[in-house]
Number of protein chains: 4
Amino acid sequence: MVTNSELKKQPPKASSLKEKQREERTALILQAAYDVLVEKGYYEASMDEIAARVGISKGTLYLHFKSKEDLIFMLIEQETGKFLSLIDQIMTAESSVHDRLEHILLESYRSIQDGRQFLVALRAIGLNQGAIRDRIEEQVSIIGLMERLTRLFEEGKTRGEFDTAIPTTIMVSIFMRLMELYSNEQPEMNDLSPENLLKSVSQLFFHGLLKKS
Amino acid sequence: MVTNSELKKQPPKASSLKEKQREERTALILQAAYDVLVEKGYYEASMDEIAARVGISKGTLYLHFKSKEDLIFMLIEQETGKFLSLIDQIMTAESSVHDRLEHILLESYRSIQDGRQFLVALRAIGLNQGAIRDRIEEQVSIIGLMERLTRLFEEGKTRGEFDTAIPTTIMVSIFMRLMELYSNEQPEMNDLSPENLLKSVSQLFFHGLLKKS
Amino acid sequence: MVTNSELKKQPPKASSLKEKQREERTALILQAAYDVLVEKGYYEASMDEIAARVGISKGTLYLHFKSKEDLIFMLIEQETGKFLSLIDQIMTAESSVHDRLEHILLESYRSIQDGRQFLVALRAIGLNQGAIRDRIEEQVSIIGLMERLTRLFEEGKTRGEFDTAIPTTIMVSIFMRLMELYSNEQPEMNDLSPENLLKSVSQLFFHGLLKKS
Amino acid sequence: MVTNSELKKQPPKASSLKEKQREERTALILQAAYDVLVEKGYYEASMDEIAARVGISKGTLYLHFKSKEDLIFMLIEQETGKFLSLIDQIMTAESSVHDRLEHILLESYRSIQDGRQFLVALRAIGLNQGAIRDRIEEQVSIIGLMERLTRLFEEGKTRGEFDTAIPTTIMVSIFMRLMELYSNEQPEMNDLSPENLLKSVSQLFFHGLLKKS
DNA sequence: CATGAATGAGGCTTCATTCAT
DNA sequence: GATGAATGAAGCCTCATTCAT
């Protein structure tokens, strides 16, 4: 036990302690950045405000991130990664494509509601343009999402679930818009629970708007 | 009398000429601003670049618009106004709500394709956040669009065309997302003609994704 | 007479006709410039506003004056010249220095009231500083005024009218401040007529503030 | 106890140190601004030059003052406040009004000589006109000065010290001009010491210019 | 001559980033 | 490591001046 406790004090563990603290702080920064970003958008989100919200100095931000752009990219990457893993899990389920898509929608709404969602919120944050856009497309797996969805819809067509007359591209595009429906921009929509929203959206998306005669 | 009428044209012509030139210049600026805006978004669109693209000096912009914000708002207002008029025309048609909604979608895609569309592109331009958002909501009739659509969908329900189980709010939200599908952000979508895009979107929106058994 | 009338049409006279018109317009501009200057001060007086107030275009101003600075200098010079002539007349009068100084004060107040006064109003217009100041001192005879006043006060001392214990410089300085008392800045002072103001100022200046026992 | 008291000084010292430096810097800026202002006047005083004169960058100015206007107003307010306090002290003295007025004049000259004077120098700085003027009148106690002086002169009349035939307004106006006599604009006047200037001015103001027979 | 649209230099201000303490 | 004062590039805007019509 003495050895053990001595070992704990050793550099590797000492650094892993520091590292843990560091990572915690990084997480705090990312959360604050997320909040400001959603409230103000990329261009009106200032490093000052992010730092102030975490309760640290501006300079400290730069000990964690090389630049504002970098901070944002890390943020996006992290959330994107988590979300894509989730999607991957859902995609490999045994259920129908229909069910899996509903599941994806639901998780989208939930993640937005929890304030941990980016892949789907880029447009809402003003990152879909200008110089930023290119770096986003390069470094962030929005493409990954599109690929996965494309695969899924194709599978649906192959299985005979979906109307083959509609191009997959269009299905994917519309589906992605549906994913971001529960955005932070339309407060009136946020009164619904993710589950209730899903019900209607799903009904509309799969069965159409028209009354069945 | 011919002579007389020709003479009468003189004075107005004089002022007309200058005014026409002025309006043409204004239109050129608005077009350039539109282009830059769509490419770079509001915050990265600099007055310098707009001026350069028109081929005039920065100062000249301020002979036509009293500030950057003003330029943007005029741009939005102008296009918005035209588009809302169009919607109003379509809305008063005799046809089914279904047909009228298709018509609206089609006009949306056309106007986006022509580069004269804003009501529907605000999100794509980064005006849906921060300080700007409030002024937009005050001054631009995005609300007007929502009201009109709400009315239309309610009429659809009353007429028995649409599924009354789906809340109108959700119908409207989704429809608005469909309107902006043909955005300038997704080049792959723009290979389709507005008419072809409409066909698939409409099929999906009204009849659903699922294969009819 | 015919000859005379023909002569009038001749170039020299023709030009003197044009010249008359030109001078009239120049006078109009100077008057407008004076008004704006007194209202807004030199730096907030814009060429635009001066032109607008005369009812001509901005470009036309430059047909009469080479620059804004020039316009101002001409204005000052003109009014200065007139005023200095007046002073010279007064100075050569036979009366006591006391009387002549009162006369000068009275004419100062009158000229300010009429809106034709500069020599005395430079400070009130913001021309007593910066780059402008040097040119003013070079080109405008504010020095001329000081010289004249100095001469007058010295004469007063020689004649035994004034207290020789007070340095002439100080007399002159104070007297110049008294001349600009009736400025456009203190509306409460302008309720008094020039004559009434003079009475009090003169009493104070010559006899002092104290109650005679 | 000594130790304790020394320890107590620690934490405050830490913040005191930075704060002191900050205040020193602020004071340096205000002094530079004062100098530029007196030399160039408000409109030709550029933030660039003020910064350059302090030896800091333009951006740093904005860490201390949020705008050019603010910088100027702070400058004026600070000096104004000090000066008005001084006046208040003098006003409550037991001596004759005559003596107190002399004292005020003397302090005016001294403060101008030291380069810490504004209440009295507004005209000399070009702040007596245009848009600025209103903010000055609102925020700066030039009115406060006039009120105090008015009170003082009325007291002088009541006490039987002053000539009641001269309106108080005029007394105040003239007195204020005398206060600014020792301005930075007339170098020839500055060769006199404040005390010597006072002697002559006072003699003239109270006893008049005329030689006593 | 008269016009007024166009110019461009110059001023104010913001904010991401750096660096001495 | 942490701080926050300092920097300076870059953006918006004004206005005296010019020039084609």
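Both backbone and side-chain heavy atoms feed into the values below; hydrogens, waters and symmetry mates do not. Just so it is clear: chains get the letters A, B, ... in the order the sequence lines come, proteins before strands, and each one is counted from 1.
In this structure, Ala45(A) reaches the sugar-phosphate backbone alone: every heavy-atom distance under 4.0 Å involves primed, P, OP1 or OP2 atoms, never a base. His64(C) comes within 4.0 angstrom of nothing in the nucleic acid, heavy atoms only.
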Would you please test Glu137(A) and Arg133(A) for salt bridge (Lys or Arg N to Asp or Glu O under 4.0 Å) and show each step? CA-CA 6 Å; Glu137(A) 291 206 342; Arg133(A) 180 180 184 174; 3.2 Å; yes
Apply side-chain contact (heavy atoms from CB on, under 4.5 Å) to residues Leu127(B) and Ile72(B) and explain how you reach the verdict. CA-CA 10 Å; Leu127(B) 292 171; Ile72(B) 301 309; 4.1 Å; yes
Please step through side-chain contact (heavy atoms from CB on, under 4.5 Å) for the pair Thr60(C) and Ile29(C), ending with a clear verdict. CA-CA 10 Å; Thr60(C) 304; Ile29(C) 294 174; 5.5 Å; no
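Glu24(B) has its CD atom 12 Å from the P atom of dA6(E), to the nearest Å. The distance between atom NZ of Lys68(C) and atom P of dT14(F), rounded to the nearest whole Å, is 15 Å. For the pair Tyr43(C) OH and dC12(E) P, the computed distance is 13 Å after rounding to whole Å. When rounded to the nearest whole Å, the span between CD of Glu69(C) and C1' of dT17(F) equals 13 Å. Rounded to whole angstrom, the span from the CZ atom of Phe65(D) across to the P atom of dT14(E) amounts to 15 Å. Residue Lys66(B) contributes atom NZ, which lies 15 Å from atom P of dC15(F) at whole-angstrom precision. One interatomic measurement links the two molecules: CE of Met47(C) to C1' of dA2(E), which rounds to 15 Å at whole-angstrom precision. Here the P atom of nucleotide dT3(F) and the CD1 atom of Ile29(A) are 10 Å apart, to the nearest Å.
Judged by distance alone, the side chains of Gln129(B) and Tyr43(A) never bring a donor and an acceptor atom under 3.5 Å apart.
A donor-acceptor pair under 3.5 Å is formed between the side chain of Lys68(C) and the backbone N or O of Tyr42(C). In this structure, the side chain of Glu49(D) does not engage the main chain of Val36(D) through any donor-acceptor pair within 3.5 Å.
Of the listed nucleotides (dT13(E), dA16(F), dA16(E)), dA16(E) has the atom at the smallest distance from the side chain of Ser46(A).
Pairing for dT21(E) goes to dA2(F), judged as Watson-Crick or G-U wobble with the two contacts each under 3.5 Å. The nucleotide dA16(F) finds its pairing partner in dT7(E), both defining distances of the Watson-Crick or G-U wobble pair being shorter than 3.5 Å.
Residues Arg22(C) and Ser67(D) each lie close to DNA chain E; by heavy-atom proximity, the contact nearer the 5' end of the strand is made by Arg22(C).
Within residues 53-63 of chain C, the residues having any heavy atom under 4.0 Å from DNA chain F are, by residue number, Lys58(C), Tyr62(C).
Residue Arg25(A) places no side-chain N or O under 4.0 Å from the OP1 or OP2 atom of dG1(F).
Screening Lys40(B), Arg53(B), Lys58(B) for a salt bridge (Lys or Arg N to Asp or Glu O under 4.0 Å) involving Asp48(B) leaves a single residue, Lys58(B).
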